[in-house]
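For reference, the structure discussed in these notes is given below.
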Amino acid sequence: MTAKLFEAGLDITVEQWRALIPSYKHDGLTQGQLCEIMSQEKTGVSRLVSALEKRGLLRREASKEDRRVKFLFITEAGRNLMEASFDPVLEVLVNTVKNIDPAELAICQKVLWQIITSPDREENIFRNAECCR
């Protein structure tokens, strides 16, 4: 995907792109919510948000009630970049699954969604990792 974004003349990493998606869909998320959505640690997301803010793609605003809480808003430049990325990203996704049987892909997606939304996801991941050693 990195190569396809570069080919399209879009100066963004896949990780930065992933961080912009939630703000593109739901402006005003908190940085904590972004951490949960991305399943990443606060420090990594904070660095990512800082880089996006420096590039003018995202804007942070402190909450009036609690200055520790930061709301994230995608800028017009960020919105334009996201919209320009849709075709190249879609092309990558289509090519990635083109040789997979649709029924098998549906099963895979269903199982992955069950893993992602499981309330005890981390516990299951570690338990399954132990059994596979």
Side-chain angles (χ1 to χ4, degrees):
M1 191 171 319
T2 300
K4 194 53 92 172
L5 290 169
F6 181 76
E7 271 178 36
L10 302 172
D11 182 25
I12 190 165
T13 67
V14 173
E15 197 66 16
Q16 290 171 339
W17 183 83
R18 282 187 60 235
L20 280 178
I21 292 171
S23 292
Y24 180 82
K25 290 181 177 182
H26 306 284
D27 229 6
L29 292 172
T30 66
Q31 205 163 307
Q33 289 170 318
L34 183 60
C35 291
E36 288 177 30
I37 291 167
M38 294 184 70
S39 296
Q40 290 192 346
E41 298 292 324
K42 290 179 184 179
T43 54
V45 171
S46 182
R47 280 192 298 270
L48 202 51
V49 168
S50 290
L52 291 168
E53 192 175 34
K54 283 179 187 168
R55 295 189 52 208
L57 302 173
L58 203 60
R59 172 174 57 83
R60 273 189 273 213
E61 280 185 25
S63 167
K64 289 173 182 31
E65 291 82 33
D66 184 346
R67 304 290 293 170
R68 296 171 297 178
V69 175
K70 307 288 187 225
F71 292 103
L72 304 175
F73 298 92
I74 194 165
T75 64
E76 191 63 32
R79 192 165 293 285
N80 291 339
L81 188 141
M82 288 303 295
E83 290 168 1
S85 74
F86 292 155
D87 287 340
V89 169
L90 184 59
E91 184 181 337
V92 170
L93 295 176
V94 167
N95 285 332
T96 301
V97 298
K98 71 180 177 189
N99 295 321
I100 299 174
D101 178 87
E104 290 178 357
L105 181 59
I107 292 168
C108 178
Q109 289 171 328
K110 181 180 177 184
V111 171
L112 286 173
W113 187 248
Q114 288 172 341
I115 291 168
I116 290 167
T117 59
S118 170
D120 53 349
R121 175 180 69 183
E122 288 182 14
E123 182 181 313
N124 286 334
I125 290 170
F126 291 121
R127 186 177 331 115
N128 290 336
E130 288 296 319
C131 77
C132 298
R133 288 184 186 167

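Just so you know, residue 1 is the first one in the sequence shown, and it goes up from there. Just so it is clear, the model here is predicted, and its values are computed rather than measured.
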query = Are Glu7 and Lys4 within salt-bridge range, i.e. N to O under 4.0 Å?
reply = yes
request  = Compare every heavy atom of Ala19 with every heavy atom of Leu34, then report the nearest pair and how far apart it is.
outcome  = CD1-O, 3.7 Å
note = Tightest non-hydrogen contact, residues Pro22 and Arg18, listed as CD-O, 3.2 Å
key: Value rounded to 0.5 Å, distance of OG in Ser63 from CZ in Arg67   = 8.0 Å
Stepwise side chain to side chain donor-acceptor pair (under 3.5 Å) test for Gln40 and Glu15 = CA-CA 11 Å; Gln40 290 192 346; Glu15 197 66 16; 2.4 Å; yes
task = Give a yes or no on whether Met82 and Leu93 share a hydrophobic cluster (residues Ile, Leu, Val, Met, Phe, Trp, Tyr; joining criterion: side-chain heavy atoms under 4.5 Å apart).
result = yes
query = Between Met1 and Thr96, does a side chain to side chain contact (heavy atoms under 4.5 Å, CB included) hold up when you go through it step by step?
reply = CA-CA 10 Å; Met1 191 171 319; Thr96 301; over 6 Å; no
ask   = Any donor-acceptor pair under 3.5 Å linking the side chain of Ser46 with the backbone of Thr43?
value = no
message = Within the 4.5 Å heavy-atom criterion, are Tyr24 and Glu83 side-chain neighbours or not?
response = yes
key: Flag, side chain of Gln16 to backbone of Thr13, donor-acceptor distance under 3.5 Å   = yes
message = Could you measure the distance from the CG atom of Leu105 to the CG atom of Leu112? Nearest 0.5 Å is fine.
response = 9.5 Å
task = Could you tell me whether a side-chain N or O of Glu104 sits under 3.5 Å from a main-chain N or O of Asp101, the two making a donor and an acceptor?
result = no
query = Arg79 and Ser23: which non-hydrogen atoms are nearest, and at how many Å?
reply = NH2-O, 4.4 Å
Transitive ILVMFWY side-chain link Val89 to Phe86, under 4.5 Å = yes
Side chain to side chain donor-acceptor pair (under 3.5 Å) partner of Gln31, chosen from Arg60, Lys70, Arg68 = Arg60
ask   = Closest heavy-atom contact between Phe73 and Gly28?
value = CE2-CA, 3.5 Å
query = After noting the C-alpha distance and the side-chain angles of Lys110 and Ile107, does the key distance pass the side chain to side chain contact (heavy atoms under 4.5 Å, CB included) rule?
reply = CA-CA 5 Å; Lys110 181 180 177 184; Ile107 292 168; 5.7 Å; no
inquiry  = Quick check: do Leu72 and Glu61 have side-chain heavy atoms less than 4.5 Å from each other?
reply    = no
message = Applying the side chain to side chain contact (heavy atoms under 4.5 Å, CB included) criterion to Leu57, which one of Val49, Asp11, Ile74, Leu52 satisfies it?
response = Leu52
key: Minimal non-hydrogen separation, Ala8 against Pro88, with atom names   = CB-CG, 3.7 Å
message = Take a 6.0 Å sphere around CG of Asp27 and say whether it holds more than 12 heavy atoms from other residues, nucleotides or ligands.
response = yes
request  = With Leu81 as reference, evaluate Leu5, Ile12, Thr75 under the side chain to side chain contact (heavy atoms under 4.5 Å, CB included) test and give the passing residue.
outcome  = Ile12
message = Test side chain to side chain contact (heavy atoms under 4.5 Å, CB included) on Trp17 and Leu10; report intermediate values, then the result.
response = CA-CA 10 Å; Trp17 183 83; Leu10 302 172; over 6 Å; no
From CD1 (Ile100) to SG (Cys108), nearest 0.5 Å = 7.0 Å
CZ (Phe6) with more than 12 external heavy atoms under 6.0 Å = no
ask   = With no hydrogens and no angle check, is any side-chain donor or acceptor of Arg47 less than 3.5 Å from a backbone partner on Lys42?
value = no
message = Applying a strict under-4.5 Å side-chain criterion to I, L, V, M, F, W and Y, I'd like to know whether Ile37 and Leu20 cluster together.
response = no
message = Hydrophobic clustering (ILVMFWY, side-chain heavy atoms < 4.5 Å, transitive) - are Val69 and Leu29 grouped together?
response = no
